[in-house]
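Per chain, numbering begins at 1; letters A, B, ... match sequence-line order.
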Amino acid sequence: SQKIEQNSEALNIQEGKTATLTCNYTNYSPAYLQWYRQDPGRGPVFLLLIRENEKEKRKERLKVTFDTTLKQSLFHITASQPADSATYLCALDRSSNTGKLIFGQGTTLQVKP
Amino acid sequence: DGGITQSPKYLFRKEGQNVTLSCEQNLNHDAMYWYRQDPGQGLRLIYYSQIVNDFQKGDIAEGYSVSREKKESFPLTVTSAQKNPTAFYLCASSGRMKGDQPQHFGDGTRLSIL
């Protein structure tokens with residue numbers, strides 16, 4: 001069956017460290033993978049999109065990798081800050097650039113000062 | 001500022017009652033979506049619309065209905081047939097319905113049963 005999984009356990013790290021979040025999927029061949037940030041009681045906010053032919057994408061302190069062989073994306077936040085504390089969602093296009101995204105359940109990141 | 005506005009923020013439904021959630025966007029986007037979010041679960045697609053006067057069922061459409069009479073508006077009705085309506089409902093839009101298009105979300109409506 002098709003699945004997209006993120007670590008359901010919260011990730012707690014110290015300010016200044018690098019946070020790494022994982023998104024694994026099975027039985028999909030997405031052309032695109034997206035990452036969103038969601039704060040409590042708010043809607044998700046788009047962060048980054050990576051294409052299947054891109055190994056890595058960066059935006060300021062954020063970096064995303066996409067390994068289509070391992071069927072995995074990693075999301076990194078370098079020099080983390082308490083303001084980075086939120087839930088991070090990965091989403092992939094379920095097939096053939098349909099735009100019908102399937103979302104992971106999200107990983108909650110807590111950055112401690 | 002351009003964005004998506006959902007209202008109300010909180011909504012309560014009585015047994016046997018239909019309720020309508022509002023979603024308005026001023027981003028001039030063609031595609032709009034409704035998702036449901038339950039604790040510990042990913043967003044699940046209820047309905048989507050690629051263009052005005054057209055909409056399609058998503059993964060969990062039973063007990064819900066939508067309309068798309070105007071480009072900027074995509075209201076969702078939760079009918080009495082939806083037996084477990086308590087959830088956080090999110091509306092989103094994108095320029096086109098393609099996988100390379102980021103989706104822009106509203107801040108949600110939390111629906112509860114009285």
Side-chain angles (χ1 to χ4, degrees), chain A residues 1-10 23-25 28-54 57 59 62 64 66 68 73 86-108, chain B residues 2-10 21 23-25 27 29-51 54-61 87-111:
Chain A
S1 64
Q2 296 175 316
K3 285 197 299 186
I4 178 170
E5 289 187 342
Q6 297 183 252
N7 193 343
S8 58
E9 290 184 16
C23 177
N24 294 300
Y25 59 93
Y28 288 108
S29 297
Y32 307 96
L33 193 143
Q34 302 184 21
W35 282 88
Y36 290 79
R37 168 184 172 140
Q38 186 175 23
D39 290 288
R42 306 292 300 272
V45 174
F46 171 76
L47 296 174
L48 280 168
L49 177 147
I50 189 165
R51 293 171 166 76
E52 61 178 339
N53 60 354
E54 296 177 314
K57 196 82 168 278
K59 179 183 175 183
L62 309 181
V64 172
F66 192 11
T68 55
S73 175
T87 297
Y88 292 86
L89 310 173
C90 67
L92 55 83
D93 189 25
R94 57 185 83 185
S95 67
S96 303
N97 198 15
T98 63
K100 289 174 69 175
L101 300 182
I102 182 105
F103 283 82
Q105 76 271 38
T107 297
T108 298
Chain B
I4 294 191
T5 300
Q6 290 188 242
S7 62
K9 192 163 181 65
Y10 300 95
L21 284 60
C23 177
E24 303 278 330
Q25 54 102 355
L27 299 166
H29 284 170
D30 283 324
M32 296 187 75
Y33 315 81
W34 274 105
Y35 293 93
R36 170 181 171 140
Q37 188 174 33
D38 295 282
Q41 294 194 38
L43 279 64
R44 291 185 290 168
L45 184 63
I46 304 172
Y47 267 97
Y48 62 95
S49 169
Q50 297 191 60
I51 201 163
D54 180 70
F55 52 82
Q56 305 294 330
K57 292 181 180 180
D59 301 314
I60 55 164
F88 190 47
Y89 290 87
L90 288 159
C91 179
S93 71
S94 63
R96 302 169 300 150
M97 191 166 175
K98 292 291 183 186
D100 64 349
Q101 297 284 297
Q103 293 189 8
H104 299 255
F105 286 83
D107 274 339
T109 293
R110 191 167 298 278
L111 177 62

Heavy-atom contact with chain B under 4.5 Å, split by part of A/Gln6: neither
What residue in B/Gln50, B/Arg110, B/Gln101, B/Met97 has the most heavy-atom pairs under 4.5 Å with chain A? B/Met97
What part of B/Gln6 gets closer than 4.5 Å to chain A, counting heavy atoms only: side chain, backbone, both or neither? neither
Going by distance alone, is a donor N or O of one side chain under 3.5 Å from an acceptor N or O of the other, for B/Gln103 and A/Gln34? no
Supply the atom-to-atom distance A/Arg42 CZ to B/Leu90 CG, rounded to the nearest 0.5 angstrom. 11.5 Å
Measure the OH-CZ distance between A/Tyr36 and B/Phe105 for me, rounded to the nearest 0.5 Å. 5.5 Å
Could you look at B/Leu43 and say if it's the side chain, the backbone, both or neither that has a heavy atom under 4.5 Å from chain A? both
For the interface with chain A, which of B/Ile4, B/Leu45, B/Asp107 has the highest count of heavy-atom pairs at distances below 4.5 Å? B/Asp107
B/Lys9, NZ: over 12 other non-hydrogen atoms inside 6.0 angstrom: yes
Non-hydrogen atoms of chain A under 4.5 Å away: do they reach the side chain of B/Asp38, the backbone, both or neither? neither
